[in-house]
Engineer: 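First the structure, then my questions, so here it is.
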Amino acid sequence: MQTAQSQALWRAAQEFMPGGVNSPVRSFRSVGIDPLFIDRGEGAYVIDADGNRFVDYVLSWGPMILGHAAPPVVEAVARQAERGTSFGAPTAGEVELGRRIVEALPSVERVRLVNSGTEATMSALRLARAATGRDLVVKFAGCYHGHVDSLLVQAGSGAATMGVPDSAGVPAAFASTTLVLPYNDIEAVRTLFTARGQEIAAVIVEPVAANMGVVPPAEGFLAGLRAVTRQYGALLIFDEVITGFRLGYGGAQGYYGIKPDLTCLGKIIGGGMPVGAYGGPAAIMSLVAPTGPVYQAGTLAGNPLATAAGVATLDGLRAEGTYERLASYMGALAEGLRRAARAAGVPVTVNQVGSMLTLFFHPGPVTDWESAARADREKYARFFRSMLAQGIYLPPSQFEAWFASTCHGEAELEATLEAAQKAFREL
Ligand SMILES: Cc1ncc(COP(=O)(O)O)c(C=O)c1O
């Protein structure tokens, strides 16, 4: 594999940007090599600056569910670009994207578009605190909700612990408004609510965790969250930044049949352009400015290029059988990975839900952050490097989801499994 162009760009990047990147995992630090610079994408593939071609399972960390440079998305963005890229005034594209989101998610009657998933969760928390008049928020260890100050708080195993910030620069006072519990532990949630339920504004959760690697909700976990939040008058916030329009057109809430109070979206609804959104019942959303006292705004919010890409992407997902095909691809990949690992005598756990999957180098089961954290990161790094050398671009971290697009088919499946067999044998 030639890497001269990527290497030259990497040297330059480090002169201008902290760590050479604009988002930390891109630096490939946890897999022990320098990152590749991507020149372009075509369907299920990315092509780097040296012309190497890879089957892509990162897909921009989820948004590119129709594959890279999907013609309807490219055409929609090009058409809009010719008419102007931002006006800071209402546009028809916002109405079109908003209508599709509201029609897809029965829990969402009104939606506000923002520029990133981080803005969506940050704004949803502000709204939840305003709506309840309470300050505390419950999150789960290993769930990521963007780099919102008060959500950059991770663990405290077992019972509820007051949050300790994970990042420098987060005031302890902010972190202390976040209570962290183990994912999938509904008893811990009930115990916490029994003690402090009247102070809790909201529980925020990834309905399928995807940021500690993919970890599905245990039977009854989401229903339990719904029941306990309702009982104590707290809001249930589904962070569907990843799962929205990925698990199904109705997101994880449609997939599992649980109605949250507020929903956060991002990624797919922008078709690869910067976007986020939060929404819920009209009565709660009316608390947001200009109708209510919760201030939240954005120069580029509802940007015409983003709404054009988002509308084209959502319309592409309406094609008959889309989600069945996506899940069937990932199911076959999961089964093939398990078989190949077994044949090579490598203990792994493959967690797969719909078109999301993580291969954990750990015999499992992986059900929460504590069990995920036991995975062998060094083994993953070696597996990653072998796969990359064979033309398969995986997420450069043990704790991320692999994604499939509608462009991933037989040829990509075969290439991936053939490479995996070799990579497992090398371990
Ligand atoms: C579940 C979840 N919520 C929120 C975010 C933050 O989104 P963004 O990176 O667009 O700010 C992410 C990002 O990966 C995410 O996975």
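One-based numbering along the sequence shown. Indexing begins at 1, ligand by ligand and atom by atom, following the structure's order.
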Engineer: Checking Thr307 now: which residues fulfil side chain to side chain donor-acceptor pair (under 3.5 Å) with it, not counting sequence neighbours?
Structural biologist: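 Here no residue qualifies.
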
Engineer: Check Glu206 against ligand 1 and report side chain, backbone, both or neither, counting heavy atoms closer than 4.0 Å.
Structural biologist: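 Only the side chain of Glu206 comes within reach of ligand 1.
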
Engineer: How far is atom 11 (O) of ligand 1 from its nearest protein heavy atom, and which residue and atom is that?
Structural biologist: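 Ranked first by proximity to atom 11 (O) of ligand 1 is Thr118 OG1, 2.6 Å.
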
Engineer: Can you tell me if His68 and Asp56 form a side-chain donor-acceptor pair at under 3.5 Å?
Structural biologist: yes

Engineer: Is a salt bridge present between Arg53 and Asp39, judged by a nitrogen-to-oxygen distance below 4.0 Å?
Structural biologist: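 A salt bridge is absent here (no side-chain N lies under 4.0 Å from a carboxylate O).
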
Engineer: For a quick check under 3.5 Å, do Ser286 and Arg110 share a side-chain donor-acceptor pair by atom type?
Structural biologist: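 Absent: no donor and acceptor within the cut-off.
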
Engineer: Going by the order shown, which atoms of ligand 1 are within less than 4.0 Å of some heavy atom of Ser116?
Structural biologist: 10 (O), 11 (O)

Engineer: Heavy atom under 4.0 Å from ligand 1: found in Trp61's side chain, backbone, both, or neither?
Structural biologist: neither

Engineer: Can you pull out the closest protein heavy atom to atom 14 (O) of ligand 1? Residue, atom name and distance to 0.1 Å, please.
Structural biologist: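 Checked against all protein heavy atoms, atom 14 (O) of ligand 1 sits closest to Lys267 NZ, 3.0 Å.
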
Engineer: Heavy atom to atom 8 (P) of ligand 1, shortest distance: which of Gly117, Gly146, Pro274, Ala120 holds it?
Structural biologist: Gly117

Engineer: Could you identify the single nearest non-hydrogen protein atom to atom 3 (N) of ligand 1 and state the distance to 0.1 Å?
Structural biologist: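 Sorting protein heavy atoms by distance from atom 3 (N) of ligand 1 puts Asp239 OD2, 2.6 Å first.
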
Engineer: List the steps and the verdict of ring-ring contact (aromatic ring centres under 6.0 Å, His included) for Phe399 and Phe360.
Structural biologist: CA-CA 8 Å; Phe399 304 112; Phe360 292 97; 7.1 Å; no

Engineer: Run the ring-ring contact (aromatic ring centres under 6.0 Å, His included) test against Phe193 and tell me which residues pass, sequence neighbours left out.
Structural biologist: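 Residues passing ring-ring contact (aromatic ring centres under 6.0 Å, His included) with Phe193: Tyr232.
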
Engineer: Is His147 touching ligand 1 with its side chain, its backbone, both, or neither, if touching means heavy atoms under 4.0 Å apart?
Structural biologist: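 Contact part for His147 vs ligand 1: neither.
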
Engineer: If you have a sec, work out which protein heavy atom is nearest atom 16 (O) of ligand 1 and how many Å separate them, to one decimal?
Structural biologist: Asn211 ND2, 3.0 Å

